[in-house]
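Here's the structure we're looking at; comments come further down.
When reading the values below, keep in mind they use all heavy atoms of this one structure, side chains included, and skip hydrogens, waters and symmetry mates.
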Amino acid sequence: MLRHRASPSSRLETALTMAAIVDIIRANSHTAFSLIIEPNAMASFVTNPNNASCSHVQRSYRQNVPLALKKLDLPNVVTYLDAAHGGIFGWRYWGIDYPNSASDEMLRTWTAAGTLTQFRGLAVNVGSYNAWDLSPGETFDGENPTCPDDNKARSEILYLQILRRTLQSALKRANSTSAMPFHAIMDTSRSGVQGIRSHWTDWCNVKEASFGIYPVAFGKDNLDAFVWATMPGFSDGASEVGSIGYTPDCALVDSFKPMPARGMWSQEYFESLFRWFR
């Protein structure tokens with residue numbers, strides 16, 4: 001599986017990146033590729049609609065992600081658009097309706113790409129820790145999972161059920177004559193241990209995390225397969241104040257420490273994933 005961030009900051013960067021990836025795929029025409037397009041980007045602007053600092057992310061996303069979907073629409077490829085997870089896009093409260101807002105953006109992206117033959121659907125839980133079908137759900141500080149009035153997406157199966165309904169509504173709002181394909185894959189590379197986060201928003205190098213459901217085809221509940229899409233041992237961000245790439249969220253009480261800058265290797269965190277494997 002090739003997992004790539006598909007929207008660099010300029011058209012030239014995007015074109016060069018896409019050309020390089022397309023060349024690799026075409027040079028391996030007898031290999032099947034499953035591509036997750038733009039992990040973690042959509043959440044930054046969908047959940048911050050009034051934040052001017054996120055507007056450039058939205059512009060880049062809307063410009064480049066449809067282009068990536070089109071360029072990567074190759075015979076030996078299936079593509080999945082990243083859809084974050086229930087802890088991000090499951091919330092409805094005080095006039096906020098992230099499931100519908102996210103669905104509108106997903107549909108806009110798919111439509112802007114034009115006719116696609118290899119687009120399969122959505123990728124969920126990429127890099128995160130959520131369970132597939134845990135019931136009633138995890139307990140987080142200040143929340144009661146038996147009364148999930150604000151967020152009913154307490155597992156990724158429930159999240160997909162919500163998205164299926166909101167995407168149908170988005171199609172009606174857009175007066176679309178064709179339905180966006182709705183299949184999914186779920187990243188379970190970190191979801192093997194539940195109850196290890198203080199808050200649902202804790203995302204960085206969570207300690208005691210481990211591998212979840214083994215990669216396997218599923219074929220039910222709109223889910224094609226469970227996959228391990230997050231490389232074990234690589235950091236989400238630096239935990240130490242003053243270090244390169246320091247990220248405050250990576251210094252929380254439930255984060256593994258010390259950790260290097262984003263994308264750097266940690267042998268200790270890698271071993272921890274195996275230590276907590278069940």
(request) Output yes when a side-chain donor or acceptor of Tyr129 lies under 3.5 Å from a complementary backbone atom of Val206, and no otherwise. (result) yes
(request) If a pair satisfies disulfide bond (SG atoms under 2.5 Å apart) and one of its residues is in residues 194-272, list it, with sequence neighbours excluded. (result) Cys204-Cys250
(request) Rounded to the nearest 0.5 Å, what's the gap from CG on Asp82 to CE on Met106? Could you check? (result) 8.0 Å
(message) Which residues pass the side-chain hydrogen bond (donor to acceptor under 3.5 Å, both in side chains) test with Ser103, not counting sequence neighbours?
(response) Thr166
(request) Sort out for me which residue in Phe274, Phe270, Phe226 forms a ring-ring contact (aromatic ring centres under 6.0 Å, His included) with Phe211. (result) Phe274
(message) So for atom NZ, which belongs to Lys70, do other residues, nucleotides or ligands contribute more than 12 heavy atoms lying within a distance under 6.0 Å?
(response) yes
(message) Apply the hydrophobic cluster definition, ILVMFWY joined by side-chain contacts under 4.5 Å directly or through others, and give me every member besides Tyr246.
(response) Val241
(request) Please confirm whether the backbone N or O of Gly212 pairs with a side-chain atom of Ser191, one donor and one acceptor, at under 3.5 Å? (result) no
(request) Treat each ILVMFWY residue as a node, draw an edge where side-chain heavy atoms are under 4.5 Å apart, and state whether Val77 and Val22 are in one component. (result) yes
(message) Less than 3.5 Å apart, any donor N or O on the side chain of Thr247 or Asp249 sitting next to an acceptor on the other?
(response) no
(message) I need the full list of disulfide bond (SG atoms under 2.5 Å apart) pairs touching residues 74-130, with sequence neighbours left out, sorted by first then second residue.
(response) none
(message) List the residues meeting side-chain hydrogen bond (donor to acceptor under 3.5 Å, both in side chains) with Asp236, not counting sequence neighbours, and say none if there are none.
(response) Arg190
(request) Sorted by first residue and then second, give each disulfide bond (SG atoms under 2.5 Å apart) pair with at least one member in residues 46-105; sequence neighbours left out. (result) none
(message) Going by ring pair (Phe, Tyr, Trp, His ring centres under 6.0 Å), name the pairs with one or both residues in residues 172-204, residues two or more places apart or in two chains.
(response) Trp91-Trp200, Phe140-Trp200
(request) For residues 153-178, pull every pair meeting ring pair (Phe, Tyr, Trp, His ring centres under 6.0 Å), keeping only residues two or more places apart or in separate chains. (result) none
(message) Is there a continuous path of hydrophobic side-chain contacts, each under 4.5 Å between heavy atoms, that joins Trp276 to Leu134?
(response) no
(request) Just jot down the side-chain hydrogen bond (donor to acceptor under 3.5 Å, both in side chains) partners of Ser239, sequence neighbours excluded, or say none. (result) none
(request) Just grab all the disulfide bond (SG atoms under 2.5 Å apart) pairs involving residues 206-239, residues at least two apart or on different chains. (result) none
(request) Show your reasoning for whether side-chain contact (heavy atoms from CB on, under 4.5 Å) applies to Ser155 and Gln194. (result) CA-CA 11 Å; Ser155 64; Gln194 302 302 310; over 6 Å; no
(message) To the nearest 0.5 Å, what is the distance between CD1 on Ile37 and OG1 on Thr79?
(response) 6.0 Å
(message) Going by ring pair (Phe, Tyr, Trp, His ring centres under 6.0 Å), name the residues that satisfy it together with Tyr98, two or more places apart in sequence or in a different chain.
(response) none
(request) Give every residue pair that meets the side-chain hydrogen bond (donor to acceptor under 3.5 Å, both in side chains) criterion with at least one member in residues 107-116, sequence neighbours excluded. (result) none
